[in-house]
Amino acid sequence: MRITIQNNQKETSVRVAEKLRQMLTEKGFQLVEMQPDIVITIGGDGTLLSAFHRQAHRLKDVRFIGIHTGHLGFYTDWREYQLEELVESIAKDKGDFISYPLLDVEVFEADEMQDSHHFLALNEATIQSSVETLVCDVFIDDFCLEKFRGDGICVATPTGSTGYNKSLGGAVLSPRLEVLQMTEIASINNRIFRTLSAPLVISKEETISVRPAKGRHIIITVDHMQFEQRQIREIRLSLASERIRFYRDRHPHFWQRVSDAFIGETSL
Ligand code: NAP
């Protein structure tokens, strides 16, 4: 079993990483930098997002485990005081996993001679304009749904629905669903310009295509990453054929996480 530990730079995370390294080595696990079977992240959801992007080219060969050292995370199931339990569990590992859908982003540059670029997102991708209003046509497959004007468009996975998507008024979706959700970022709606003005959910057979007006400089974000402004012809967003796999032993009920993260104890 080849294990990589990836932690953020918070003092607690560095300390937990050091302790875990020692415990895994004593148990005879091989700690590696490249080609791990399991990646253990120590930090928050942000740390897991960055670990995911490092392994995005080999998702079939890797499982993720998140240990959180801050507040409760959505991708982080273990706490720092459960290290012994975790190491024991990995020692008995049978290769079980739970997997979640990902977003495939294909970007076509205005210059048709350029190859398209592919990205995978765990949470979401957004399309925004650098300074001016974003003006673009939004297609569902071949059907032009609307001409969008506003700050931008966000397309999220089910597990990403609790991130930026939720702040934009999107619904929280069960990760058992194989769907994508599109939300608007500050659309302009008046007597002249009109958008759907509601989140929409597409099936795994459908693709959202965003075609920005010519000459606009577009910013694309994929999870925590932002890509430089370029002139873009089209961005296609669909459910990816790849999925992210989490180590199975401890994976709390999704709605329990939602409740813990957003509602907490009420005074009922
Ligand atoms: P960040 O700006 O440092 O952190 C954004 C916050 O979002 C952190 O508290 C992070 O949790 C949390 N988060 C990440 N994924 C989540 C998920 N699936 N469900 C619920 N909360 C989630 O950026 P970052 O840590 O690199 O994370 C990038 C993500 O931040 C983006 O993918 C986007 O979803 C989110 N974001 C949200 C907004 C917004 O709500 N207005 C704006 C921009 C980006 P941890 O503290 O556990 O890391």
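Remember, it's 1-based here, ligands and their atoms both numbered in the order they're listed. This structure is a prediction, so every number in the text was calculated from the model and none was measured.
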*asked:* Evaluate E178 against R243 for salt bridge (Lys or Arg N to Asp or Glu O under 4.0 Å), listing each step before the verdict.
replied: CA-CA 11 Å; E178 288 191 273; R243 292 172 70 93; 3.4 Å; yes

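- Taking the centre and axis of the six-membered ring of F97, the NZ or CZ atom of R248 falls outside the cone set by 45° and 6.0 Å.
- The two atoms that bring T195 and R149 nearest to each other are CG2-N, 4.3 Å, heavy atoms only.
- R211 forms a cation-pi arrangement with F139, by the criterion of a distance under 6.0 Å to the ring centre and an angle within 45° of the ring axis.
- V39 approaches A51 most closely through the heavy-atom pair CG1-CB, 4.0 Å.
- One finds no salt bridge joining K27 and E84 here, because no Lys/Arg side-chain nitrogen approaches an Asp/Glu carboxylate oxygen to under 4.0 Å.
- The protein residues lying under 4.0 angstrom from ligand 1, judged by non-hydrogen atoms, are G44, D45, G46, L49, H71, F74, Y75, N123, E124, T159, T162, G163, Y164, S167, D223, H224.
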